[in-house]
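Sequential numbering from 1 along the given sequence is applied to the chain's residues. Being a predicted model, the structure only gives us computed values, none of them experimental.
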Amino acid sequence: MPTPVVFSWSAGKDSAFGLWTLLRDPGFEVRALLTTLTEGYDRVSISGVREELLEHQARMIGLPLVKVWIPPACPNAVYEERMAQALAAEPLRSVRHVAFGDLYLADVRAYREGRLAVAGKAAVFPLWGRDTADLAREMIASGFRATVVCLDPRILPASFAGRAFDERLLADLPEGVDPCGERGEFHTFVWDAPMYSASIPCRIGGVVTRDSFVFCDVLSGGAGPCT
């Protein structure tokens, strides 16, 4: 029997590719998506993707979406408490495995495994150890279409905000920037992917700097690619 699993969904390319990997693996049955959003902003925490676009992704994938709401500048203890509550409640209570799109940060993996162990659950990392340059090119070649929605301007120029995650972007990345942004260099919103029933109509909005990060707003609607 396949192992039931819930996927920790960021709305970005790594979680999207990791989900696609598990959806094609007969050893797993993905039951739901799990996402953290920030109260008062109604956006995905860290990346700033609007809640309505997150919901659109879940509809295109055809999976239930479980939302965990946290306050702005959330203390770690509050985050852990609310996440534990979500994992202990339906529909996640009976699912003993949680999957993540993490690639190689050992401290992040150890933290996730430790918190899940407290909740009586285990972690799954379908992309762990993959070469990120190869992985980034495979994402693009496989039909994943994403837009850069958040970046750290101390590492990556603000002009990258709103750009498509494509071969041109990979070629333009400054030396030392991970091609998948694994160290927090940038985050993306996936508006089309092989497991979507249709691409998500969207368009680029304004670009702002907040809390030392640059955010590009993505809005619902649009006649073509998210540009």
Side-chain angles (χ1 to χ4, degrees), residues 1-36 44 46-47 49 53-68 83 86-146 165-166 170 178-182 187-200:
M1 294 290 292
T3 299
V5 60
V6 58
F7 207 100
S8 179
W9 181 257
S10 71
K13 58 181 177 41
D14 295 347
S15 63
F17 198 86
L19 173 64
W20 188 54
T21 300
L22 288 189
L23 289 173
R24 295 178 297 150
D25 188 334
F28 291 94
E29 177 191 357
V30 183
R31 296 277 183 88
L33 305 176
L34 176 66
T35 305
T36 303
V44 177
I46 300 180
S47 70
V49 171
L53 289 172
L54 170 69
E55 292 175 341
H56 207 154
Q57 287 180 318
R59 289 195 299 272
M60 293 302 100
I61 297 168
L63 287 172
L65 174 63
V66 178
K67 302 173 186 176
V68 178
M83 186 62 68
L87 293 173
E90 295 299 344
L92 306 184
R93 179 181 304 178
S94 60
V95 181
R96 296 200 58 208
H97 291 79
V98 182
F100 301 90
D102 297 305
L103 303 175
Y104 59 74
L105 297 178
D107 57 337
V108 173
R109 175 168 179 158
Y111 173 79
R112 299 199 195 285
E113 290 175 330
R115 297 312 306 172
L116 286 175
V118 171
K121 299 181 186 293
V124 177
F125 299 92
L127 304 181
W128 189 260
R130 294 283 304 272
D131 179 273
T132 54
D134 292 342
L135 181 59
R137 290 191 293 268
E138 186 177 348
M139 290 175 182
I140 296 165
S142 298
F144 287 80
R145 301 292 176 256
F165 181 75
D166 55 17
L170 296 181
D178 186 272
C180 288
E182 177 69 352
H187 304 278
T188 59
F189 167 72
V190 175
W191 53 269
D192 198 10
M195 68 281 194
Y196 285 11
S197 59
S199 61
I200 297 174

Would you be so kind as to tabulate the donor-acceptor pairs closer than 3.5 Å made by side chains of residues 95-102, with sequence neighbours excluded?
residue, atom, partner, partner atom, Å
R96, NE, G120, O, 3.4
R96, NH2, G120, O, 3.3
D102, OD1, R112, NH2, 3.3
D102, OD2, R112, NE, 2.6

| Which atom pair, heavy atoms only, marks the closest approach of F165 to A136? | CZ-CB, 3.8 Å
| task | For D192, check side chain to side chain donor-acceptor pair (under 3.5 Å) against everything at least two apart and list the hits. | result | none
| message | Looking at every non-hydrogen atom in both residues, tell me the closest pair between P126 and T21 and how far apart they are. | response | CB-CG2, 4.2 Å
| remark: Nearest heavy-atom approach of T132 to C180 is O-SG, 3.5 Å
| query | Within a strict 4.5 Å, meaning less than it, do heavy atoms of the Y111 and V108 side chains meet? | reply | no
| task | First locate atom CE of M195, then atom CG of L19, and finally report the distance between them rounded to the nearest 0.5 Å. | result | 4.5 Å
| query | So, for G18 and L127, which heavy atoms are closest and what is the spacing to 0.1 Å? | reply | N-CD1, 3.7 Å
| query | Mind checking what makes side chain to side chain donor-acceptor pair (under 3.5 Å) contact with R115, not counting sequence neighbours? | reply | none
| message | Contact between L87 and L34 at the side-chain level, heavy atoms closer than 4.5 Å - yes or no? | response | yes
| field | Selection residues 8-22 - residue pairs positive for salt bridge (Lys or Arg N to Asp or Glu O under 4.0 Å), sequence neighbours left out | value | none
| request: Mind listing the closest non-hydrogen atom pair of A133 and P179 along with its distance? | output: CA-CG, 3.8 Å
| Taking only residues two or more places apart in sequence or in another chain, which ones pass side chain to side chain donor-acceptor pair (under 3.5 Å) with R109? | E113
For residues 2-11, which side-chain N or O atoms pair as donor and acceptor with protein atoms under 3.5 Å away, sequence neighbours left out?
residue, atom, partner, partner atom, Å
W9, NE1, Q57, OE1, 2.9
S10, OG, G12, N, 3.1
S10, OG, S15, OG, 3.1

| remark: Residue set satisfying side chain to side chain donor-acceptor pair (under 3.5 Å) with D134, at least two apart, ordered chain then number -> R137
| When rounded to the nearest 0.5 angstrom, what is the spacing between CD in E55 and OG1 in T35? | 10.0 Å
| said: Under the rule for side chain to side chain contact (heavy atoms under 4.5 Å, CB included), what residues qualify as partners of R93, not counting sequence neighbours? | reply: E90
| note | So CZ of F189 and CG of L54: to nearest 0.5 Å the spacing works out to 8.5 Å
| note | Taken to the nearest 0.5 Å, the spacing of R130 CZ from M139 CE works out to 8.0 Å
| Who passes side chain to side chain contact (heavy atoms under 4.5 Å, CB included) against I46, sequence neighbours left out? | H187
| Partners passing salt bridge (Lys or Arg N to Asp or Glu O under 4.0 Å) against R145 (at least two apart in sequence or in another chain) | none
| query | Rounded to the nearest 0.5 Å, how far does CG of L135 lie from OH of Y104? | reply | 11.0 Å
| request: Mind checking the CG-CD1 spacing from L33 to I61? Nearest 0.5 Å is all I need. | output: 5.0 Å
| Residues which pass ring-ring contact (aromatic ring centres under 6.0 Å, His included) with F17, listed by chain and number, not counting sequence neighbours | W20, F144
